[in-house]
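Please read the structure below before turning to the comments.
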Amino acid sequence: MVAEVNRLSPEAQRAELASIAPELLEKPTPSTGPKELPPLPKAVEGQVVLRLAPYPSGPLHIGNARAFVLNDAYAKKYRGRLLLVFDDTIGSEDKPILPEAYDQVKEGLDWAGVEYREVLYKSDRIPLHYEWAEKLLATGEAYVCECDSETLRKNREAKHACVHRTQDVDETIAMWKAMLAGEYGEGEAVVRLKTDMAHPNPAFRDRVLFRIAERDHPRVGDRYRVWPMLEFSWAVDDALLGITHVLRGKDLVMEDQMETWIWDVLGIRARPEFVHFGILRFKDVELSKSRYRREIAAGRLTGIDDPRTWSLQSLRRRGIRPAALREFVLSFGLSLNDIEVPAEALYAENRKMIDKDANRYFFVPDPVSVEISGLPPIERVKAPLHPDFPGRGVREIAAGPKVHVAEDDFAKFRGKEVRLKDFCNVVLDKRAKFVSMENKDIPKIQWVMHGVNVHLVLPDVTESPEPREVRGLGEPLVAALKVDDVVQFERVGFARIDHVSKAEVRAYFGHR
RNA sequence: GCUCCCGUAGUCUAGUCCGGUCAAGGAUCGGGGCCUUUCGAGCCUCAGACGCGGGUUCGAAUCCCGCCGGGAGCACCA
């Protein structure tokens, strides 16, 4: 029967089908509208509990966006709860906690529209972690190890168990107490989970659960010297906080195994579902908190919200809308693919949102002065605030024979006829010649007679020879703009006004 | 090297679990055109993909095997 049908030509099959079941020929209408998130495994409306676990070493940046946007989006989708749990265990020397980062993280999340219910701190929960540790120690599932990190690494590689692994539980507990009492120095003892020294994944062999750090903690000072590692603290807190779903990057898959192992040995029943997403990278953008920190310290950047960084604060200052960031991130879904996207994709999303609101103005970067000969007497011209919305009104621009044009335009069009947009046609040169007033179909460039100093700050893009800022002249009305206005400098791009003073208007470049 | 994950247009993504309506959808980018006093927006249009090789099947992007390619982890960081 099937073979019979297959022998028919596609046209014949189609005709035959049309006579039997014409509705099957209708193409299903492709779904449009906002992208729907795939369902979360075992998610129950109203009962989903998610958590966000930022490490307070600096402000959140665009590279963290996938984690917080997805968690927030799912919390909203299922009308669940999203907890903000600062992952502020002691960290390491080269990745210290910054006291101001707590507020910087919250500020970023608030801007992004992430609605978290409660704020918790790992550093407040250390006694709970100790309790669980003691259960593990008492059952012999974990032990205190005095090997130094180098020995530990070599043993791991050689699948070799050290003497501590088999020591008595009593002895282990005495050593644990000695750790807490400060009888060991930094690096002299750790608590290790007893997994399997022959485990196929070398990284998994008797992983460290606690270590000693003598540094002061920004929130709890010197109250603790024995600090949990991330995996262990999450095994405790995910269970205790009733987290139903853990959404994390796939660089953290081994943490799933660790948490699961600990729950298994401790007989913990209620567990979250683990869901991962791939690594997100930006083309031409190297996100480095430590580098930006250095540059800020050296005064080359003005602060964590400097538009040349990629912090959420910097995005806000460049006129990027939170909704654009959200759409951008959600467009990747939950895929496990590691992706590298151009920042242009974010800009495309943002442009859709700001274009209708951004009024147009002239800004002439690196001005070159030009004197037009033969110009009829004229003092000002009019141009629309927004070409798509004439009702919004017009701007009056002072005009006359002495104008400024952009250096790039001057170089490109010197000796050629161009139209000074909304003004007149000239043959461009230092001594330019007036041609006519009427609108012609020739290249149009922006110009300014006298106006205000504009300082435009550009974002940071690696391997770009472009300068990170540019100065020039804006048309007179630019001086009347307000902080937070998002405008489009014609032929230059969208920018947000950040500061207005008599001396200059400072604007942060968003994108073209 | 070991462990795990992933391969759909330049880029991102839908489809893969449950094989047929997929002669593969969308977005973005690119080409062309229209419109527009911006290199913006809008409209129309074109181009562009199932990593490779076997197998199963009437039929494979979808199932199986092998290969190739990419990524992550392998810290007393998170």
Side-chain angles (χ1 to χ4, degrees), chain A residues 1-7 10 14 17 21 23-28 30-32 35-36 38 53-57 87-97 145 147-149 152-153 156-157 186-192 199-205 207-213 227 229-231 233-234 249-255 257 276 278-279 281 283 327-328 331-333 335-342 344-345 347-349 351-352 354-356 358 360 362 383-384 386-388 419-423 438-446 488-494 512:
Chain A
M1 173 69 172
V2 174
E4 214 173 287
V5 173
N6 279 340
R7 264 195 297 278
R14 187 165 292 269
L17 184 58
E23 72 281 1
L24 289 180
L25 284 174
E26 308 267 329
K27 290 229 174 190
S31 65
T32 46
K35 192 180 156 79
E36 189 70 15
Y55 178 69
S57 64
D87 218 339
D88 62 341
T89 55
I90 197 72
S92 64
E93 297 277 2
D94 44 307
K95 219 191 240 186
I97 296 173
C145 179
C147 299
D148 60 57
S149 57
L152 202 142
R153 189 184 61 78
R156 201 124 63 186
E157 205 171 310
E186 228 170 82
E188 289 175 4
V190 294
V191 175
R192 297 176 70 184
H199 195 280
N201 182 354
F204 200 70
R205 292 169 197 160
R207 259 180 107 73
V208 171
L209 262 26
F210 284 85
R211 85 303 198 172
I212 294 166
W227 286 92
M229 306 296 291
L230 164 127
E231 299 96 316
S233 72
W234 278 119
K250 74 177 191 186
D251 48 327
L252 262 23
V253 284
M254 199 172 65
E255 279 67 12
Q257 295 176 55
H276 296 96
I279 313 292
R281 277 193 202 77
K283 197 167 162 45
E327 283 303 310
F328 168 73
S331 74
F332 310 134
S335 108
L336 257 349
N337 280 351
D338 297 322
I339 54 178
E340 183 175 82
V341 289
E344 194 51 49
Y347 301 158
E349 212 59 64
R351 193 181 294 119
K352 287 179 202 161
I354 63 172
D355 183 67
K356 63 179 187 305
R360 271 54 171 170
F362 287 157
H386 195 302
D388 301 338
R419 179 163 179 79
L420 301 179
K421 189 166 179 283
D422 301 304
F423 183 14
E438 90 280 7
N439 180 23
K440 277 198 196 174
D441 189 16
I442 53 175
K444 295 171 182 76
I445 64 173
Q446 78 279 22
Q488 189 207 54
F489 289 132
E490 295 199 42
R491 304 206 316 135
V492 174
F494 295 93
R512 289 193 79 91

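Convention: sequence-line order gives letters A, B, ...; per-chain numbering from 1. Everything numeric in this text was worked out from a predicted model, so none of it was measured.
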Polar-atom pairs under 3.5 Å, protein N or O versus N or O of nucleotides 8-11 of chain B: list them with distances, or write none.
from: B/U11; atom 1: O3'; to: A/E340; atom 2: O; distance (Å): 3.4

Residue pair [X] / [Y]: nearest heavy atoms and the distance that separates them:
X	Y	result
A/D88	A/P56	CB-CG, 3.8 Å
A/S233	A/D87	OG-OD1, 4.4 Å
A/I445	A/R491	CG2-NH2, 3.4 Å
A/R360	A/E490	CB-OE2, 3.5 Å

inquiry  = I'd like to know if the side chain of A/R156 reaches the main chain of A/F204, judged simply by a donor and an acceptor atom lying under 3.5 Å from each other, with no hydrogens or angles considered.
reply    = no
inquiry  = Donor-acceptor check, side chain of A/R205 to backbone of A/H199, threshold 3.5 angstrom: yes or no?
reply    = yes
query = Under 3.5 Å, is there an N or O donor on one side and an acceptor on the other linking the side chain of A/E255 and the base of B/A78?
reply = yes
query = For the side chain of A/R360 and the base of B/G40, is some donor closer than 3.5 Å to an acceptor across the two?
reply = yes
query = Closer to the 5' end of RNA chain B via nearest nucleotide, is it A/L152 or A/R419?
reply = A/R419
According to a strict under-4.0 Å criterion, is [X] in side-chain N/O contact with OP1 or OP2 of [N]?
X	N	result
A/T89	B/A78	yes
A/R281	B/A72	yes
A/S335	B/U13	yes
A/R156	B/C76	yes
A/R491	B/A41	no

Taking [atom1] from [X] and [atom2] from [N], how many angstroms apart are they, rounded to a whole number?
X	N	atom1	atom2	answer
A/D251	B/C77	CG	P	17 Å
A/H199	B/C2	NE2	P	16 Å
A/I279	B/G73	CD1	C1'	10 Å

ask   = Using the P atom in both, what is the distance from B/C67 to B/G10, to the nearest Å?
value = 27 Å
